[in-house]
Protein chains: 4
Amino acid sequence: MAESRSRYDEKLALVLRTAASIFADKGYHQASIRDLSRATGLSLSGLYYCFSSKEELLFLTPDHCFGPILENLEELLTGVDEPRERLRLLIDNHLRFFVGNMKEMKVLSHEAESLSGEYRRRVNAKKKRYTDLCMEILAALSPAESTAALRTATFSLFGMMNWIYNWYRPDRDEPVDRLADRMCRLFLEGYLAGGALEPRPRDAGGSTDESGPSIWRR
Amino acid sequence: MAESRSRYDEKLALVLRTAASIFADKGYHQASIRDLSRATGLSLSGLYYCFSSKEELLFLTPDHCFGPILENLEELLTGVDEPRERLRLLIDNHLRFFVGNMKEMKVLSHEAESLSGEYRRRVNAKKKRYTDLCMEILAALSPAESTAALRTATFSLFGMMNWIYNWYRPDRDEPVDRLADRMCRLFLEGYLAGGALEPRPRDAGGSTDESGPSIWRR
Amino acid sequence: MAESRSRYDEKLALVLRTAASIFADKGYHQASIRDLSRATGLSLSGLYYCFSSKEELLFLTPDHCFGPILENLEELLTGVDEPRERLRLLIDNHLRFFVGNMKEMKVLSHEAESLSGEYRRRVNAKKKRYTDLCMEILAALSPAESTAALRTATFSLFGMMNWIYNWYRPDRDEPVDRLADRMCRLFLEGYLAGGALEPRPRDAGGSTDESGPSIWRR
Amino acid sequence: MAESRSRYDEKLALVLRTAASIFADKGYHQASIRDLSRATGLSLSGLYYCFSSKEELLFLTPDHCFGPILENLEELLTGVDEPRERLRLLIDNHLRFFVGNMKEMKVLSHEAESLSGEYRRRVNAKKKRYTDLCMEILAALSPAESTAALRTATFSLFGMMNWIYNWYRPDRDEPVDRLADRMCRLFLEGYLAGGALEPRPRDAGGSTDESGPSIWRR
DNA sequence: AATGAATGAGGGTTCATTCAT
DNA sequence: CATGAATGAACCCTCATTCAT
């Protein structure tokens, strides 16, 4: 019994891992269930025994990833009050998971908006919880002058961290702990030094076209 | 002759503008040529008179976007030697284009890797030129201790800026010049203050598992 | 042993009853074995312990229906010689079964031709026996001038009766004994008054296009 | 221009005719678009150029049939006031179309309930108009004592006529005009003689179990 | 110059059925 | 006895693309 449960779980894990890899490589919509069938060696209908639709598969993939990130972080933060240390833990935890599961995280970043309905709601709820946690830490670090400013800072940090699936190569770049350290200091110093303060006054006569030139409609 | 040339150009411009919008909304692969046909009012075969394949269309879209960014930046930088100001100009230019053409830029970030062959080569060449320019500026700002460190800094900056299509909403967030200003100071202060220096020594016995825990294989 | 036999019979009866209901609701081909599995609470493989194929299931359903109709009728007719009364009994018996088992009878009428091979042969044999019995009664009522005329009369009667699954609603229409009575008199009077006689001469020059206008080929 | 229009129409007509035939032979749900592709020699996607879904195809098939029946009948009835003659025209028209387009009419009778939404609504509207017309004629023939009685008579007539796709074989049965004549007299005499009157009182002590024995639940 | 008509390849999904356990 | 897991075949439908006109 435990045997057969374990067998099924192993297979499910294989399917999810492979799916994440394929989704990451080709993108969710480009990836076909037939690709997954070929890559796992399972039949088409055998796959549908594990999940009920391609969309559910997309949901399962990053959802199984996101849970651990959050849980692990909340555990790490327990008993730590110093905001700088809390931020360091968040960044370290985040990058560790991203580098360790780059494919899954790319899917999470890239394809989550392809979800709909309940799936979308659940993924968004977790994302929001995570984002809120980060915002709290930043707010504790330095009094942000506005919500908009806090948003800019928060998403700048996430952008910095999440972007790594576009460039990070383990064989060529720094190991993840140095990466985390560097990003941590980069963001922290910048944020404390002024990133969170009101912007300096612009030079008089500077461009006031806020939206910038439209390329197509110029 | 000039007449018909102009007619053709008008039509091509309409097609490219509409395509960029559709690609940005639905993603390149989800968008069908039929969608484009419906949205432009042109027939399927009429469209193929303007471009030779869907992939060419994808190439044209961000290519027309990227050109202006680079050209505009190179013009702005002419005669400016001070590295801090050069960086400020790059960030400002970048964000202006991104906010002003968010849909196209999303395609550029998201779908460029769907290109193949010659198309891919040409887009990558431009990206590399742009990246190299940014690296030079950063290198001039502060002596990076290693290529890897410079890469981390450069792509942290790009991540910060490019991520905005995931969160920036003109009606809710800061106008683009304040956004640029804030990101500029955030990065600059962080980079100069230590983001570019060697990381502080880690606690002895710290984790050396560089790849972090794997979620699936734990 | 008797115990387990009885258990099996109970299960079989449940399966057949449920199957008849599902077939009637959705149609034989639309109904899936999974539907049956869900509706009975039995597992897929558990079902296949009761029958060997979906087709057998279709066979069993109307076959269990048709038996009682025939047997009951033959019993009722025993000792009754008067043709009018015999016809009345047939109609009454037929409608009672149809109204009482509308779902099953719809399957019988609708889907029996989906059977093949031996299954089909057996159902057809019973149908033929039933049809022949009706024809005999009609022939005894009035000397039909031709086989074709007798066929027309017989199948007109069956059409009249079998059609009810298309329109009869117990809560809205007459109770079944009045229905039977009305149909009986309708058919009987019509049949005796002339439905069985040679048709009156058609107007000279009348249409001789026997097949009528073809809608598609006109 | 007229040429190409005619070409497309010819093809559409071929598709509809073939579809009706296949639907009639195998049933709507059993018939696959691939069957239609094989039978017409057109490619799968070529077919979808003619219609937009299988359900639309099912709608088109009998809808194209039902229009002519109604229109033709209404034309025939113009200027004819005598109810018996009106009924005769209805029956004659109905049977002509049914015999001439037996496959399509089988689909109409058998499969119309597989339609959904707007398709279903439109087919039902036409059916109702036709049914109402028939009821009016019957009501004019003899004062029915109740709506239920009128319904019974009307649907008995339709059952008689529609059932023919189950048994009528042109090479073996009477030609359609004799068939029409016979059914007309059968129904007319029966209806006038008493089918429309109140049923005679039942023998005292007769069965009052209106729903008849349930086969499965006895 | 421009299009209506057509196509082959492939998409996600469901089905009746089997078989090791 | 009974089932969970698996399968091959087939389903309806959409796609980018072409070609005669």
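Proteins get letters first, then strands, A, B, ... in listed order; numbering begins at 1 in each. Values below: every heavy atom of this structure, side chains too, minus hydrogens, waters and symmetry copies.
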- Task: Select one nucleotide: of F:dC12, F:dG4, E:dA16, the one nearest the side-chain heavy atoms of D:Lys54.
- Result: F:dC12
- Query: Has the side chain of D:Arg34 got a donor or acceptor atom sitting under 3.5 Å from an opposite partner on the base of F:dA10?
  - Reply: no
- Spacing of D:Asp9 atom CG relative to E:dG4 atom P, expressed in whole Å: 15 Å
- Task: Look only at the side chain of D:Ser109 and the backbone of D:Met105, and say whether a donor-acceptor pair between them is shorter than 3.5 Å.
- Result: yes
- Please determine which of D:Lys26, D:Gln30, D:His29 meets the side chain to side chain donor-acceptor pair (under 3.5 Å) test together with C:His29. D:Gln30
- Task: Spell out yes or no: do the side chain of B:Ser45 and the base of E:dG4 have one donor N/O and one acceptor N/O closer than 3.5 Å?
- Result: yes
- Item | d(OH, A:Tyr8; C1', F:dT3) in whole Å | 15 Å
- Query: Can a side chain N or O of D:Tyr48 be found less than 4.0 Å away from OP1 or OP2 on F:dC13?
  - Reply: yes
- Does A:Asp35 use its side chain to pair, donor to acceptor, with the backbone of A:Ser32 at less than 3.5 Å? yes
- Query: If only atom types and distance count, is the side chain of A:Thr40 paired as donor or acceptor with the main-chain N or O of A:Val15 below 3.5 Å?
  - Reply: no
- Query: Rounded to whole angstroms, how far apart are CZ on A:Arg38 and C1' on E:dG11?
  - Reply: 12 Å
- Look at the side chain of B:Glu55 and the backbone N and O of B:Ser116, then say whether any donor-acceptor pair between them is shorter than 3.5 Å. yes
- Query: When only distance counts, do a donor and an acceptor, one from the side chain of A:Ser32 and one from the base of E:dG11, lie under 3.5 Å apart?
  - Reply: no
- Closest non-hydrogen atom pair between A:Leu44 and A:Ser37, with its separation: N-OG, 3.9 Å
- Specify the separation, in whole Å, of atom CD of B:Glu56 and atom P of F:dT17. 10 Å
- Query: When the nearest nucleotide of DNA chain F is assigned to A:Tyr49 and to D:Ser53 on a heavy-atom basis, which residue is associated with the more 5' position?
  - Reply: A:Tyr49
- Pair pattern of DNA chain F in dot-bracket, where unpaired bases get dots and | marks partners in another strand, Watson-Crick or G-U under 3.5 angstrom: .||||||||||||||||||||
- Message: Show the nearest heavy-atom pair for residues C:Thr18 and C:Ala39, with the distance to one decimal.
- Response: CG2-CB, 3.6 Å
- Query: When you check the phosphate oxygens OP1 and OP2 of F:dA2, does a side-chain N or O of C:Lys11 lie under 4.0 Å from one of them?
  - Reply: yes
- Message: Would you say the rings of D:His110 and D:Tyr165 are close, in the sense that their centroids are separated by under 6.0 Å?
- Response: yes
- Measure from CG on A:Leu36 to P on E:dT13 and round the result to the nearest Å. 12 Å
- Sorted by position of nearest nucleotide on DNA chain E, 5' first, the leading residue of C:Glu55 and D:Leu47 is D:Leu47
- In whole angstroms, the gap separating C1' of E:dA1 from CG of B:Leu12 amounts to 16 Å
- Is there a residue in residues 23-31 of chain A whose heavy atoms reach under 4.0 Å of DNA chain F, and which residues are they? none
- Tell me whether the guanidinium CZ or amine NZ of D:Lys54 lies under 6.0 angstrom from the six-membered ring centre of D:Tyr28 and within 45° of its axis. yes
- Query: Whole-Å distance between E:dT14 P and C:Asp35 CG?
  - Reply: 12 Å
- Task: Describe the nucleic acid contact of B:Leu44 in one word from base, sugar-phosphate, nothing, applying a heavy-atom distance below 4.0 Å.
- Result: base
- Starting at atom CD1 of D:Ile33, determine the distance to atom C1' of E:dG8, rounded to an integer number of angstrom. 17 Å
- What distance separates A:Arg120 CZ from A:Ser114 OG, expressed to the nearest 0.5 Å? 8.0 Å
